[in-house]
Amino acid sequence: MAEALPPDVELERLLERLPPREAVDYLNHLADRASREEPARTAAFAQRAYELALRIGYHPGRAEACRLLGIGALFAGQYAEAQSWFGQAYALFSQLEQREKLLSVLVNGALAYHAVGDRTHALEWLQQALEGGVRDFPVLYLKALNNLGIVLAELGHRERALQTFEEVIHEAERQGAVQVLARACNNAALLCASRGEYARALEYQQRSVRLKEAQGDAYGIAISKATLGYLYAQMGQQAEAERAYTESLTLRRRIGDRRGVGFVLTNLGELYCKQRRFEEARRALSEALQIAQELRETALLLEIARWYSVLCQEEGDLHGALYFLWQNVALLERLMDERTQQALLQVQARYELERARREHEELRRHLVEWHYRALQAQMNPHFLFNALTALQNLLMRQHYEAAQRYIALFAALTRRILDNARCGLISLQAELETVELYLRLEHMRWQGAFSYAVEISPEVDPEEVWCPSLLLQPLVENALKHGLAPRGGRGTVSLRVSACPECVLCVITDDGVGRRAAAEETAHGGMGLRLVQERLQLLSQQLGGEFAMRVVDLYAADGTPAGTRVEIQLPLQIDYRRAVELGLLAVDVGKPVFSP
C-alpha cells in the first residue's frame, strides 16, 4: 500500500533537511502523486515548488511546477489559469529541450481548451503533440490518441474518430494497457451508438465490460452495464436489456452511487412501461423519484415525470397523466433555465481564457442567448396553458379516447422540443417532425376548424439540410394565432419545402386576416419576426451559407388582405467546423483524460 501524502507539519520538517533543488523536486514529486491520489492538494504542492524554484533560479523544477499547476487548475475547473500555466511550462520545456515533458504539456493543455468547448484549439494542440513525436512515449501516446478521437467526434469527423479509437485499441492491446483499452472500447461504442450502429456498438461495449470485469472495476462495470442495457433496448432485446440494467443497478447500490441508481431505475421504469409491467414500472419510478428529489436532479426529474405520464396513460388514469404533463412542463422550463446559465458560464470561461478573442466570445454569447430565448418562446406559457387546458376539457367531457391521443401527441411534442434544444442546428427533418406534431395537436385542440399540409419536394433530402433549431414551429404557430384565430380558426396553413440551386426554401402560408388586421409586428405566442431575422443574419455571417427570411403580405384581387407568406432560405452547405466551434453542434462521447 502506498504511503500517504505527508501532512503540513511533517512536510515542513522534511523540507528543512533538504537542499533547495532537492526540496523543489520533492514538492513536485508530491504534486505528481497528489494528481493521482488527492487531486485537491496538487496545486498546493506545485505552488510551493514553483515559488522556491523561481527564487533559486532552478528552471527544470520551475517548468515541472508550471505543468503540475496546470493540472491542479484543471482539477479545480479554473481553465483560464490552467492554460496560462501550461503556456509557461511549454515555453520552459522548449528551452530545456525536455521533449517528453513538452509533449505531456501539449496533451494536457488541449484539455483546458476542450473543457470550455474550444475544440478547434484542442485539436491543434493534440495534433502538434502527435507530430512532435509523442509516439515515442507509449503511455502518453495512448492518451493523446484517445483525446484526439474524442475531439474529432465532437467536431463531426466521426469516421476519423472511430479510426482513431480503433488505433488506440490496437496500440493498447500491443502495450497490454488494459484500462486504456477498456476506455477506448467504451468510446468506440458510444460513437457507434450515436450513429445508430447499435450492433457494432454492442460488440465494443461487451468487450469493454469483459475488460473491466477482469480488472475488478466495479464502478466502470456498472456504467458499462447500463450502456449495454440501453443498446439491447434499442435493438429490441428486452430480456437482455433488463438483465444488464439489473446488474448495473446491483453494482451501483453496492458502491453507493445514488445518482446512478436513479438513472438506471428510470431506464428500468421505461422498459417495464413498454412491456406493460405497470406495477414494476411504478415501483422503479417511485424510488427513482425519491432519489432525484433528494439530489435535485432536474434532468432526471423530467425523465421520471415523462414516464409517469406514459404509465398513467397506459393504466387509463388520464387525470394522473395530465398531472405529470404539468410537472413535465414546469421541469422543462427549469432545465432550460439551468442550461442557459451553464452555457453562458462556459462562454464567460472562454472569454477569460482568451481575451484576445473577445469578439468571438461575444458572438458565441449572443448565439447562446438567442437559442434559449427561442426555446422560451417555443415553450411559451400561452401555448402550454392552452394545450393542457384543452386536455383538461376533454377529460371533463369524458372524451377519453380523444384525451389518450392528445396526451400522446403533447408528450411527443415536448420531448421533441427538448431533444431539438440540445443544439443550435439540427436536421431539417427533425424540425419538420416537430412542426407536424404541433399541427396535429392544434388541429385536435381547435376541433378540426382549420386544414393544414406539410409537403416536401422529392428533390430535397431533409436529413442532409441544416436548420436552426426552434425556428419553423413558432412561425407556424404565428400563422395560426395571428392569421386564423381572429376568424374562429377557420382557414388553411401550409408548410412547403422545395429545392433551389444553392439552397432549400421553406414557405409557410396562411389564408388568414393578414398582418395589418392582426396588428402584430411580432409573435407574442412564438418568436418575433425581428428576432428570427437577427439570428439568420448572424448565422449567415458565421457559417458561410445564406440563411434568410422574407415576409410577404398576400392580397385578394379586390385588394383585401388574404393572408401571409413567410419564406425561409436554408443553405445547402455550411462551415461545419465553425458551427462546432460556436457550440451549435455536438456529439456525445466519453471524457478525455490527462497525463499526470
**Asked** Any salt bridge between E166 and R200, counting N to O under 4.0 Å?
**Response** yes
**Message:** Would you say Y141 and R135 are linked by a side-chain donor-acceptor pair, where the criterion is simply a distance under 3.5 Å?
**Reply:** yes
**Prompt:** Is there a donor-acceptor contact under 3.5 Å linking the side chains of N187 and Y204?
**Reply:** no
**Asked** Which residues pass the side chain to side chain contact (heavy atoms under 4.5 Å, CB included) test with E247, sequence neighbours left out?
**Response** K225, R243
**Message:** Looking at E12 and R17, is any side-chain nitrogen of the basic one under 4.0 Å from a carboxylate oxygen of the acidic one?
**Reply:** no
**Item:** Steps toward side chain to side chain contact (heavy atoms under 4.5 Å, CB included) verdict (F86, Y113)
**Value:** CA-CA 11 Å; F86 286 134; Y113 284 115; over 6 Å; no
**Request:** Please name all residues satisfying side chain to side chain donor-acceptor pair (under 3.5 Å) with Y245, sequence neighbours left out, ordered by chain then number.
**Result:** none
**Request:** Quick one: do W125 and N108 satisfy side chain to side chain contact (heavy atoms under 4.5 Å, CB included)? Show the steps, please.
**Result:** CA-CA 9 Å; W125 278 54; N108 291 326; over 6 Å; no
**Asked** Between the side chains of Q128 and E124, does any donor sit under 3.5 Å from an acceptor?
**Response** no
**Stepwise side chain to side chain contact (heavy atoms under 4.5 Å, CB included) check, R282 with L285** = CA-CA 5 Å; R282 188 171 293 279; L285 292 174; 6.0 Å; no
**Fill in**
All heavy atoms of Y26 vs all of P6, minimum pair found to be OH-CG, 3.9 Å
**Asked** Side chains of S94 and L102: closer than 4.5 Å at any heavy-atom pair?
**Response** yes
**Asked** Do L289 and L265 come within less than 4.5 Å of each other through their side chains, counting heavy atoms only?
**Response** no
**W85 ring center near Y50 ring center (under 6.0 Å)** = yes
**Prompt:** Is it true that E159 and R195 have a side-chain N and a carboxylate O under 4.0 angstrom from each other?
**Reply:** yes
**Message:** I need the minimum non-hydrogen distance between T42 and A34, along with the two atoms involved.
**Reply:** OG1-C, 3.5 Å
**Any donor-acceptor N/O pair, Y308 side chain to S286 backbone, under 3.5 Å** = yes
**CD (E97) with more than 12 external heavy atoms under 6.0 Å** = no
**Item:** Evaluation steps, side chain to side chain contact (heavy atoms under 4.5 Å, CB included), between V151 and L126
**Value:** CA-CA 9 Å; V151 173; L126 289 168; 4.0 Å; yes
**Prompt:** Can you tell me if S104 uses its side chain to pair, donor with acceptor, with the backbone of E100 under 3.5 Å?
**Reply:** no
**Request:** Begin from the C-alpha positions of D217 and K212 and carry the test salt bridge (Lys or Arg N to Asp or Glu O under 4.0 Å) through to its verdict.
**Result:** CA-CA 5 Å; D217 178 6; K212 290 173 181 176; 5.5 Å; no
**G61 backbone acceptor or donor facing N28 side chain under 3.5 Å** = yes
**Set of residues satisfying side chain to side chain donor-acceptor pair (under 3.5 Å) with respect to Q175, sequence neighbours excluded** = E171
**Ion pair check, E303 and R306, cut-off under 4.0 Å** = yes
**Asked** Taking atom CD of Q179 as the centre, does the number of heavy atoms from other residues, nucleotides or ligands within less than 6.0 Å exceed 12?
**Response** no
**Heavy-atom pair with the smallest gap, counting every atom of S224 and V209** = CB-CG2, 3.4 Å
**Message:** Closer than 4.0 angstrom, basic N to acidic O: yes or no for E64 and R67?
**Reply:** yes
**Prompt:** Donor-acceptor pair, S208 side chain versus A182 backbone, under 3.5 Å?
**Reply:** yes
**Item:** Between R252 and S248, a side-chain donor and acceptor under 3.5 Å
**Value:** yes
